[in-house]
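Everything on this sheet refers to the single structure shown next.
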Amino acid sequence: MTTGRVLIFTVLLTLGLTLSAAAQPATEMVQPVDVYLRSARIALSTNPPEFDRAQKNLELARHHYPENFEVHLLLGTVWASRDEIDSMMHEYSLARKHSTEADWNKKAKDIGKLIDSKWLERFNRGVSLLSQSDSIADLAQQETEPTRSDSLNNVVGKIRALAIDALRHCAVLKPEDFRAYATRGIVYQRIGDNNAGLEDFVRAESLFHRLEF
């Protein structure tokens, strides 16, 4: 190989290595858990709160410190603020799992109040939607114009789907409360899903008897 070819080969090889190195993602520097928590708290204290930034910091913290209960606790609070019930309860369950009895007892009362508030909000919404759907269904039955009747029935179906979703959240928040299951059973009956309705009625009855005795 001539000197010129060697020089060209060397330049191309160097360029290729440089581009390859540049294409590699930068290695993330892992921060102490307190740094992530502090950054998240600062983001949540702004007006309005920077939920995205707080969530990003906390998800990094959860990745690097999966057994830190404060991370799960604060992330659960972020999800609560965003009204994401499933994610909220998941993080709170992990916080409980990784906390000591003393640490959990310090937070349990406030978390319990938050869960009660979210449950009542969802339950009232489910009952209200059920009532609305029944009123519109009555109008649909009285309607003589088929197109109008079909349109009203479509609205009824959508409202009842929203009711079921709200009551499902109740079951996630407080699975021991029979009222949400009984109400959802009625909604399922209204839409003609008798199997799902019966399942909810049986669950409600079982929970009611546990409460009673």
Side-chain angles (χ1 to χ4, degrees), residues 25-127 162-184 199-200 202-213:
T27 303
E28 177 199 340
M29 182 175 292
V30 180
Q31 303 290 340
V33 66
D34 287 343
V35 173
Y36 293 115
L37 287 168
R38 184 167 60 252
S39 297
R41 290 188 178 108
I42 290 172
L44 292 174
S45 66
T46 61
N47 188 20
E50 298 179 33
F51 291 118
D52 288 341
R53 186 157 69 91
Q55 182 182 333
K56 181 179 179 181
N57 276 284
L58 291 168
E59 286 178 342
L60 283 171
R62 183 181 58 186
H63 175 72
H64 297 300
Y65 305 96
E67 296 185 359
N68 186 288
F69 91 98
E70 287 187 88
V71 171
H72 294 295
L73 198 65
L74 193 54
L75 191 50
T77 302
V78 170
W79 287 123
S81 298
R82 305 187 102 162
D83 214 29
E84 294 285 350
I85 300 301
D86 295 290
S87 298
M88 178 190 87
M89 292 302 291
H90 176 67
E91 293 301 331
Y92 281 156
S93 69
L94 290 175
R96 179 68 184 93
K97 176 182 178 182
H98 295 302
S99 65
T100 65
E101 198 69 30
D103 285 335
W104 181 253
N105 287 338
K106 293 177 185 177
K107 305 292 184 180
K109 186 176 181 180
D110 288 339
I111 293 174
K113 287 181 179 178
L114 175 62
I115 289 173
D116 285 344
S117 174
K118 294 283 187 183
W119 183 92
L120 186 60
E121 175 190 305
R122 286 305 197 282
F123 181 72
N124 287 340
R125 185 175 186 225
V127 171
L162 291 174
I164 288 172
D165 192 52
L167 295 165
R168 181 188 70 79
H169 280 155
C170 287
V172 173
L173 288 160
K174 295 173 68 175
E176 74 285 357
D177 197 304
F178 73 94
R179 290 172 291 176
Y181 295 103
T183 307
R184 190 173 65 178
E199 186 177 332
D200 270 347
V202 169
R203 181 70 182 274
E205 183 182 18
S206 174
L207 290 170
F208 178 78
H209 283 305
R210 288 184 202 174
L211 180 68
E212 188 176 15
F213 296 107

| remark: In terms of heavy-atom contacts, A204 and A182 come closest through CB-N, 3.7 Å
| Is a side-chain donor or acceptor of T77 paired with a backbone partner of L73 at a separation under 3.5 angstrom? | yes
| field | Nearest heavy atoms of A54 and A40, plus distance in Å | value | CB-O, 3.7 Å
| request: Could you grab the distance from atom CZ of F123 to atom CZ of R179, nearest 0.5 Å is fine? | output: 6.0 Å
| said: Would you compute the distance between atom CH2 of W119 and atom CG of L114 and round it to the nearest 0.5 angstrom? | reply: 15.0 Å
| query | Out of curiosity, E84 CD to F51 CZ, how far, rounded to the nearest 0.5 Å? | reply | 11.5 Å
| Between the side chain of K118 and the main-chain N/O of H169, is any donor-acceptor distance below 3.5 Å? | no
| note | The reported gap from CZ in F69 to CH2 in W104 (rounded to nearest 0.5 angstrom) is 9.0 Å
| task | Mind jotting down which residue pairs meet the salt bridge (Lys or Arg N to Asp or Glu O under 4.0 Å) criterion with at least one end in residues 97-107? Sequence neighbours excluded, please. | result | R96-E101
| note | C170 and A180 have their tightest heavy-atom pair at CB-CB, 3.4 Å
| message | Main chain of P66, side chain of H72: is a donor-acceptor contact present, judged purely on distance under 3.5 Å? | response | yes
| field | Straight-line distance of S99 OG to E67 CD, nearest 0.5 Å | value | 12.0 Å
| Between atom CD1 of I111 and atom CG of D116, what is the distance when rounded to the nearest 0.5 Å? | 12.0 Å
| message | With salt bridge (Lys or Arg N to Asp or Glu O under 4.0 Å) as the rule and sequence neighbours excluded, what pairs involving residues 43-53 come up? | response | E50-R53, D52-R82
| Do Y65 and E70 have side chains that get closer than 4.5 Å, going by heavy atoms? | no
| query | side-chain contact (heavy atoms from CB on, under 4.5 Å) between L173 and M89: does it pass, once the steps are laid out? | reply | CA-CA 7 Å; L173 288 160; M89 292 302 291; 3.9 Å; yes
| task | Give a yes or no on whether E121 atom CD has more than 12 heavy-atom contacts from other residues, nucleotides or ligands under 6.0 Å away. | result | yes
| message | Among V35, L37, V30, which residue satisfies the side-chain contact (heavy atoms from CB on, under 4.5 Å) criterion with V33? | response | L37
| message | Any salt bridge linking R122 with D83? Criterion: basic side-chain nitrogen under 4.0 Å from a carboxylate oxygen. | response | yes
| query | Does some side-chain heavy atom of Y36 sit less than 4.5 Å from a side-chain heavy atom of H64? | reply | yes
| message | Test side-chain contact (heavy atoms from CB on, under 4.5 Å) on L74 and L44; report intermediate values, then the result. | response | CA-CA 10 Å; L74 193 54; L44 292 174; 4.0 Å; yes
| request: Return yes if some donor-acceptor pair links the side-chain N/O of S206 with the main-chain N/O of R203 below 3.5 Å, else return no. | output: no
| message | Strictly distance-based, threshold 3.5 Å: is any side-chain N or O of S117 a donor or acceptor partner for the main-chain N or O of K113? | response | no
| said: With heavy-atom distances below 4.5 Å as the criterion, would you say the side chains of H63 and E59 are in contact? | reply: no
| said: By the definition salt bridge (Lys or Arg N to Asp or Glu O under 4.0 Å), identify the one residue from D165, D177, D200 that meets it with R184. | reply: D200
| task | Answer yes or no: is there a donor N or O on one side and an acceptor on the other, between the side chain of Y181 and the main chain of E176, under 3.5 Å? | result | no
| field | Qualifying salt bridge (Lys or Arg N to Asp or Glu O under 4.0 Å) pairs with a residue from residues 30-39, counting only residues at least two apart or across chains | value | none
| said: For R168 and D86: C-alpha separation, side-chain torsions, deciding distance, then whether side-chain contact (heavy atoms from CB on, under 4.5 Å) applies. | reply: CA-CA 10 Å; R168 181 188 70 79; D86 295 290; 3.0 Å; yes
